[in-house]
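Just the heavy atoms: all of them, side chains too, but no hydrogens, waters or symmetry mates, feed the values below. Values in this document were obtained by computation on a predicted structure and should not be read as measured data.
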Amino acid sequence: MTEEGYLQGMQVQEAKALLSRYDYLGVERILKPYWKDSSDPLLLEIRDLLAMAVQWNFAKFEDFGKARGAVANERLNQWWWTGYEAAYLGVIRLRQGNTVEALFHSFRAVEGSIKEWALDKYKLQIKYYNPNQPSTAYIHDVNLPQNLRPWFNANKNEQYNSVGLFGKSLFTLLEKSDQNKWNQDSHIKVVAANTIDERNFIFHSLRGLQEKDVFKAWNTDSREQWEARVLGCLNFVSQQKFVSLKSASLMAKVHDELVAALAHYELQT
């Protein structure tokens, strides 16, 4: 083996180690010189997969989904798909030891999914009128279902006669929209009763955040319970029946394809 081939082999080993830690930028940094002037289909496949992975890693899910192409088209038409990606990003962050981002992405996944559900379900009642917060949606009482009247009156801004779709009022909107389903689901009730306050307390504190604190915020004791809780909430909101956050994520498949492609490339070097 030549010195150049030996060096390349060592770099591929380093890239594999980084990939096992989901460090997509690190893998890209190592391999980029090899595909820069290459026409090797395998290298170009790795390049494209890494580009998608980097977008996903920065939570640019829409860009990631578009780059994924035809295999993702059906999923991209669903309002709920980015919630599962955000949740799986939280799982990966916890594996990387980044507890703050794990909590952030997992809670964001659920809260964001509830907002997307509301935007889809209550299109006739949604308005955007705050010039200081142009992306904030508000529910007005136009054609408001009667079962939501008490919720609206309890949460409305008296001056603007509307309710902002954020915070606890968003969770109670989900609850009051179908009280029977809400009462039968343990996962979503825990988040509304416990996780919101825990998240706010933690994010307004400068103390260190341990893995057990992430679990406690979701009223769980382990990674498995925590993932099941987040998944249960997302399935409740979306009415899907995914069995794991990994199986629900488009990125999990991209990662597996990257592992296989890099292993194949290693055999060529």
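The backbone N or O of Y24 lies less than 3.5 Å from no partner atom in the side chain of E28, so there is not a single donor-acceptor pair. Distance alone, capped at 3.5 Å, is enough to place a donor-acceptor pair between the Q96 side chain and the R21 backbone. Of the possible donor and acceptor atoms, none in the side chain of N98 sits under 3.5 Å from a partner among the backbone N and O of L94. Using modelled atom types, no side-chain atom of E85 and backbone atom of F61 make a donor-acceptor pair closer than 3.5 Å. Under the 3.5 Å distance criterion, the side-chain polar atoms of D213 are left unmatched by any main-chain donor or acceptor of L209. Judged by distance alone, the side chain of N77 and the main-chain N or O of N73 form a donor-acceptor pair under 3.5 Å. Judged by distance alone, with hydrogens and angles left aside, the side-chain atoms of N147 form a donor-acceptor pair with the main-chain N or O of K176 at under 3.5 Å.
Between F236 and W117, the ring center distance fails the sub-6.0 Å criterion. Taking the six-membered ring for Trp and the full ring otherwise, the centers of H140 and Y129 sit less than 6.0 Å from each other. Ring-centre distance between Y22 and H255: below the 6.0 Å cut-off. A ring-centre distance under 6.0 Å is found for W80 and F242. Aromatic ring centres of F58 and F64 lie farther apart than the 6.0 Å criterion allows.
Under the 4.5 Å side-chain criterion, counting only non-hydrogen atoms from C-beta, L19 is in contact with V259. A 4.5 Å side-chain heavy-atom check between L49 and E45 finds at least one atom pair inside the cut-off. W226 is not listed as a side-chain neighbour of N219, based on a closest heavy-atom distance of 4.5 Å or more. Contact of the Y88 side chain with the L250 side chain is not registered, since no non-hydrogen atoms from C-beta on lie closer than 4.5 Å. At least one side-chain heavy atom of S177 sits less than 4.5 Å from a side-chain heavy atom of L148. Using a 4.5 Å heavy-atom threshold, the side chains of D40 and W35 count as separate. Between L165 and Y138, every side-chain heavy-atom pair lies at or beyond the 4.5 Å cut-off.
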Check step by step if salt bridge (Lys or Arg N to Asp or Glu O under 4.0 Å) holds for D141 and R149. CA-CA 8 Å; D141 63 354; R149 179 60 59 183; 3.7 Å; yes
Dump the intermediate steps for side chain to side chain contact (heavy atoms under 4.5 Å, CB included) on E224 and F215, then the final yes or no. CA-CA 10 Å; E224 292 76 18; F215 304 151; over 6 Å; no
Side chain to side chain contact (heavy atoms under 4.5 Å, CB included) assessment of S238 paired with Y84: CA-CA 10 Å; S238 69; Y84 289 96; 2.7 Å; yes
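Put simply, NZ on K121 and CH2 on W79 are 10.0 Å apart, with the number rounded to the nearest 0.5 Å. Interatomic distance, CD1 of I126 versus NZ of K115, reported as 9.0 Å (0.5 Å rounding). Rounded to the nearest 0.5 angstrom, C233 SG and L231 CG are separated by 9.0 Å. The line from CG of D185 to CG of L174 is 9.5 Å long, rounded to the nearest 0.5 Å. Atoms CD and CD1, on E116 and I114 in that order, are 11.5 Å from each other to the nearest 0.5 Å. The NZ atom of K253 lies 7.5 Å from the CZ atom of R68; values are rounded to the nearest 0.5 Å.
Both W56 and L76 sit in one connected hydrophobic cluster of ILVMFWY residues. Membership requires side-chain heavy atoms under 4.5 Å apart, directly or through other members.
Salt-bridge check for E211 with R223: passed, with a basic side-chain N closer than 4.0 Å to an acidic carboxylate O.
S169 and T172 make their closest contact through O-OG1, 3.0 Å (heavy atoms, listed as atom of the first residue, atom of the second, distance). Considering all non-hydrogen atoms of both residues, A87 and L245 come closest at CB-CD2, 3.9 Å.
In this structure, a donor-acceptor pair under 3.5 Å is present between the side chains of N183 and Q179. With 3.5 Å as the limit, one finds no donor-acceptor pair spanning the side chains of Y122 and N143.
Open room surrounds NZ on K246; 12 or fewer heavy atoms of other groups in view lie less than 6.0 Å from it. Crowding of E74 atom CD: a count of heavy atoms from other residues, nucleotides or ligands under 6.0 Å not exceeding 12.
Of the candidates R108, R95, R93, E101 forms a salt bridge (Lys or Arg N to Asp or Glu O under 4.0 Å) with just one, namely R93.
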